[in-house]
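To start, the structure itself, in structure tokens.
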Amino acid sequence: MTMETILDKLKNLGITSGELDINEGERTEMMNQVAGYANAFISELRQVKGFRENKVGDLTIKNKKSPLAQLLLQYQTEVAENGINAASPKHLGYIPGGGVFTSALADFIVAVTNPFSGAYYASPGAATIENEVINWLKSVFSFPKSAVGCLSSGGSVSTLIALTAARDKYKIKNDKILSSVVYMSEQVHHSTQKALRIIGLEDVVIRYVPMDEQHRIIPNALDALIEKDKADGLSPFLVIATAGTTDTGAIDPLHAIADIAHAHKLWFHVDGAYGGFFILTSRKDLFKGIERADSLIVDPHKSLFLPYGVGAVLIKDSNAALQSHYYTANYMQDGHNEELLKSPANLSPELTKHFRGLRVWLPLQVHGLDPFTACLEEKLLLVEYFRIKLKERGFCLGPSPDLSVSYFWYPFSTHDDEKNRKLMDEIHKDGSVFLSSSIIEGRFVIRIAILAFRTKKETIDEALEMIDRCLKRVQ
Ligand SMILES: Cc1ncc(COP(=O)(O)O)c(C=O)c1O
């Protein structure tokens with residue numbers, strides 16, 4: 001190609017490709033539209049339903065230009081008004097959080113400025129913010145300064161990172177897999193078994209440790225299982241406890257479990273994805289022993305109420321974490337070795353990644369910690385209030401939870417499970433407030449997961465009215 005043709009083509013292509021870099025006037029106009037949309041969405045949150053089930057319309061990519069205003073309308077009907085409204089106060093199913101607005105602003109700034117936060121040398125400020133979030137978490141959970149960690153997309157990936165470090169520290173591979181033993185309770189989140197499968201440990205021996213009536217691991221039973229496995233020639237290597245179970249809001253006795261894990265020289269992992277931040281509340285004594293974990297996961301997108309997409313993992317043994325996740329290549333040579341632990345990519349499977357640090361750092365800096373703690377205390381009281389009101393109505397309740405997740409069922413005279421299932425269906429059809437269900441000890445139960453930051457007493461009252469309405473339809 002001649003130089004003249006090249007220049008000519010570049011000129012023409014530049015006109016079309018330049019459309020991606022919109023001018024200030026258009027940017028302002030678009031930001032105003034989005035700000036208007038966001039404000040209207042948030043203002044309506046208290047009026048709209050917690051759950052709606054509609055058929056999704058046509059969202060195919062048509063390879064043609066559409067105005068932003070039209071796309072926002074489409075987003076509203078197809079996404080925002082369909083399914084669980086996870087930003088609303090009325091999401092009391094699964095594990096809600098809500099999505100604090102200042103975190104959304106942080107994401108916007110991150111997307112505009114697009115720093116490369118994986119490597120310290122590429123964006124020392126962004127990497128430092130990520131590391132400061134990790135430092136803050138270390139102080140919250142009384143982990144030593146020498147511990148390392150990273151921000152992930154959520155609890156499942158954090159578990160993957162932590163268990164990979166445990167696997168590599170104990171060199172669990174090849175023939176060793178079949179005789180290695182992992183201990184957990186049946187109340188662990190399923191992302192635990194999933195992580196073991198993904199990291200090649202599907203064939204380890206899993207021992208489900210008996211639980212007490214509060215759904216907490218019984219330490220003596222754990223010790224007995226480990227002793228027996230050792231006597232039988234197996235190799236125990238990992239104990240997993242949960243600080244806030246998904247179905248029952250229970251905290252395993254962490255201190256006693258740490259004693260056992262350490263006595264047997266096993267890796268002690270704690271899943272605090274849902275419950276972790278309740279350590280900031282009056283329930284902090286229940287978390288004693290969490291600081292003795294070898295690895296801990298905690299989800300700011302759950303009990304710090306941030307929008308979905310940010311989990312965290314702390315690992316005490318930096319060598320174990322590096323052994324799993326540090327890798328280099330010729331094209332990474334501009335980085336410096338002394339920056340090893342300052343570069344988030346060395347502790348995570350991700351290289352180029354969303355700069356998640358700001359979506360945690362900014363809200364904490366703007367609001368301070370008190371509103372977060374108050375929100376958590378509020379949720380603990382709301383679950384108590386909900387349970388008292390349900391009991392008054394004749395519902396049976398699961399044991400008093402350590403945190404803000406509990407469950408209930410109605411004692412119908414016949415076909416208990418079937419009718420509670422029907423009650424759940426009616427609640428979903430009604431949709432004013434979203435609740436989800438589970439099976440606990442073989443029984444169909446309806447869960448209450450009170451965590452979203454916008455959930456207040458009015459929401460619980462609305463849920464109770466809805467339950468009354470739905471119960472009438474089932475009886
Ligand atoms: C206790 C617990 N651990 C892990 C997870 C998985 O977290 P994520 O959904 O962020 O991957 C959850 C999710 O609800 C959970 O409740």
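Hydrogens, waters and symmetry mates are skipped; everything else that's a heavy atom, side chains included, is used. One-based numbering, in listed order, for ligands and for the atoms of each.
- Residue Lys456 qualifies as enclosed at atom NZ: its count of foreign heavy atoms under 6.0 Å is above 12.
- Every atom of ligand 1 is numbered from 1 in the order shown, and the set under 4.0 Å from a heavy atom of Thr246 is 1 (C), 2 (C), 15 (C), 16 (O).
- Relative to the six-membered ring of Phe143, Lys316 meets both conditions, a distance below 6.0 Å and an angle of at most 45° to the axis.
- For atom 3 (N) of ligand 1, the closest non-hydrogen atom on the protein side is Asp271 OD2, 2.6 Å.
- Applying the 4.0 Å criterion to heavy atoms of His301 picks out, from ligand 1, the atoms 10 (O).
- Residue pairs satisfying the salt bridge (charged side-chain N to carboxylate O under 4.0 Å, His left out) criterion with at least one member in residues 354-377, sequence neighbours excluded, are listed as follows: Asp107-Arg359, Glu350-Arg356.
- Across every non-hydrogen atom of Pro300 and Ala312, the tightest pair is CD-N, 4.1 Å.
- Taking CD1 of Ile161 as the start and SG of Cys150 as the end, the distance is 4.0 Å to the nearest 0.5 Å.
- When hydrogens are left out, the protein atom nearest atom 7 (O) of ligand 1 is Lys302 NZ, 2.9 Å; that is the closest non-hydrogen contact.
- Considering backbone and side-chain N/O atoms, Ala273 never comes within less than 3.5 Å of an N/O atom of ligand 1.
- Under a cut-off of 6.0 angstrom, the local environment of NZ in Lys176 is crowded, with over 12 non-hydrogen atoms contributed by other residues, nucleotides or ligands.
- In the vicinity of Ser156, heavy-atom distances shorter than 4.0 Å reach the ligand 1 atoms 6 (C), 7 (O), 8 (P), 11 (O).
- Taking distance alone, with nitrogen or oxygen atoms compared against 3.5 Å, Thr242 stays at or beyond that limit from ligand 1.
- Each of the atoms 14 (O), 16 (O) of ligand 1 lies under 4.0 Å from some heavy atom of Ile95.
- Taking a cut-off of under 4.0 Å to the non-hydrogen atoms of Asp299, the atoms of ligand 1 that pass are 7 (O), 10 (O).
- Between the CG atom in Leu340 and the OH atom in Tyr120 there is a gap of 13.5 Å [rounded to 0.5 Å].
- Less than 4.0 angstrom separates some heavy atom of Ser191 from each of these atoms of ligand 1: 4 (C), 5 (C), 6 (C).
- In summary, Lys422 and Asp425 do not engage in a salt bridge, as defined by a charged side-chain N under 4.0 Å from a carboxylate O.
- Backbone and side-chain nitrogen or oxygen atoms of Tyr274 are examined, and none is located within less than 3.5 angstrom of a nitrogen or oxygen of ligand 1.
- In terms of protein heavy-atom proximity, atom 15 (C) of ligand 1 is nearest to His189 CD2, 3.3 Å.
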